[in-house]
Amino acid sequence: MRTAYDIILRPIITEQSMEHLDLKKYVFEVARDANKIEIGKAVEEIFDVEVDKVTTLNMKGKKKRTGRYPAGYRRSWKKAVVKLTDSSKTIEFFEGMV
């Protein structure tokens, strides 16, 4: 059985994701085979918060060149946007980032 740390791989800390902290929306990179229910339960378990909604996106790997001929792709990954309930506390990990 997978643990919550196998589902939530890392937080996504970008300028765009930091704009949504006041709406209690947090962005994570998650396992590609994880579904919305598993992601919500994993966030609740790790950060001790109440999840209201989970939205997922499959991010396709971008084409990259490292020279004249060898062209490859970055890896594809899955992104999850987690919205917390209004009564839930915030995730302290993101507080110092703003």
Atom CD1 of Ile13 and atom CZ of Phe28: how far apart are they, to the nearest 0.5 Å?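 Reported to 0.5 Å precision, the distance equals 9.5 Å.
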Answer with yes or no after comparing the ring centroid distance for Tyr26 and Phe94 against a 6.0 Å cut-off, counting only values under it.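 Yes, they do, as the ring centres are separated by less than 6.0 Å.
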With rounding to the nearest 0.5 angstrom, report the OG to CE distance, Ser76 to Met59.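 One gets 9.5 Å once the value is rounded to the nearest 0.5 Å.
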Asp33, CG atom: more than 12 neighbouring heavy atoms under 6.0 Å: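 Enclosed: over 12 neighbouring heavy atoms sit under 6.0 Å from CG of Asp33.
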Under a 3.5 Å distance rule, please check whether Lys60 uses its side chain to pair with a backbone N or O of Arg75 as donor and acceptor.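 No.
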Whether the side chain of Lys62 engages the backbone of Tyr73 through a donor-acceptor N/O pair (distance < 3.5 Å, no angle test) should be reported.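 No; judged by distance alone, with no hydrogens or angles, the pair does not exist.
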Val27: which of Thr55, Leu57, Val81 passes side-chain contact (heavy atoms from CB on, under 4.5 Å):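 For Val27, the side-chain contact (heavy atoms from CB on, under 4.5 Å) check succeeds only for Val81.
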Sole residue of Asn35, Val43, Ile39 in side-chain contact (heavy atoms from CB on, under 4.5 Å) with Val54: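 The residue from Asn35, Val43, Ile39 that satisfies side-chain contact (heavy atoms from CB on, under 4.5 Å) with Val54 turns out to be Ile39.
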Distance check, rounded to the nearest 0.5 Å: Lys83 atom NZ versus Lys53 atom NZ?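 Nearest 0.5 Å value for the NZ-NZ distance: 9.0 Å.
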Please indicate whether Leu23 has more than 12 foreign heavy atoms, meaning atoms of other residues, nucleotides or ligands, lying under 6.0 Å from its CG.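 Yes, because the 6.0 Å sphere around CG of Leu23 holds more than 12 heavy atoms from other groups.
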Within the side chain of Thr85, is there an N or O that forms a donor-acceptor pair under 3.5 Å with the backbone of Val51?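 The answer is no, because no donor-acceptor pair under 3.5 Å joins these two groups.
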Tell me if a side-chain donor or acceptor on Lys78 pairs with a main-chain N or O of Glu29 at a distance below 3.5 Å.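 Judged by distance alone, no pair lies under 3.5 Å.
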Taking Glu38 first and then Arg2, would you say they form a salt bridge - that is, a charged N and a carboxylate O separated by under 4.0 Å?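 Here Glu38 pairs with Arg2 in a salt bridge, since their nearest N and O are under 4.0 Å apart.
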Can you tell me how far NZ of Lys41 sits from CD1 of Ile8, rounded to the nearest 0.5 angstrom?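 That separation rounds to 13.5 Å.
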Please examine the side chains of Lys24 and Thr90, heavy atoms only from C-beta on, and report whether any two atoms are closer than 4.5 Å.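 Yes. Closest side-chain heavy atoms under 4.5 Å.
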How about Glu50 and Ser87: do any of their side-chain heavy atoms sit closer than 4.5 Å?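 Side chain of Glu50 against side chain of Ser87, heavy atoms only: contact under 4.5 Å found.
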Any chance you could measure Arg32, atom CZ, to Thr56, atom OG1, to the nearest 0.5 Å?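 Rounded to the nearest 0.5 Å, the CZ-OG1 separation comes out at 12.0 Å.
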Run through Leu21, Ile46, Val49 and flag the one making a side-chain contact (heavy atoms from CB on, under 4.5 Å) with Ile91.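 Among Leu21, Ile46, Val49, the one meeting side-chain contact (heavy atoms from CB on, under 4.5 Å) with Ile91 is Val49.
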Ser17 side chain to Thr14 backbone, donor-acceptor under 3.5 Å: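 Flag set: sc Ser17 to bb Thr14 pair under 3.5 Å.
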Considering non-hydrogen atoms only, spot the tightest contact between Ile12 and Met18 and give its length.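 Scanning both residues completely, I find the closest heavy atoms to be O-CE, 4.3 Å.
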Over all heavy atoms of both residues, which pair between Lys89 and Asp48 is shortest? Give the atoms and the distance, please.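 Nearest pair, atom of Lys89 first, then Asp48: CE-O, 3.1 Å.
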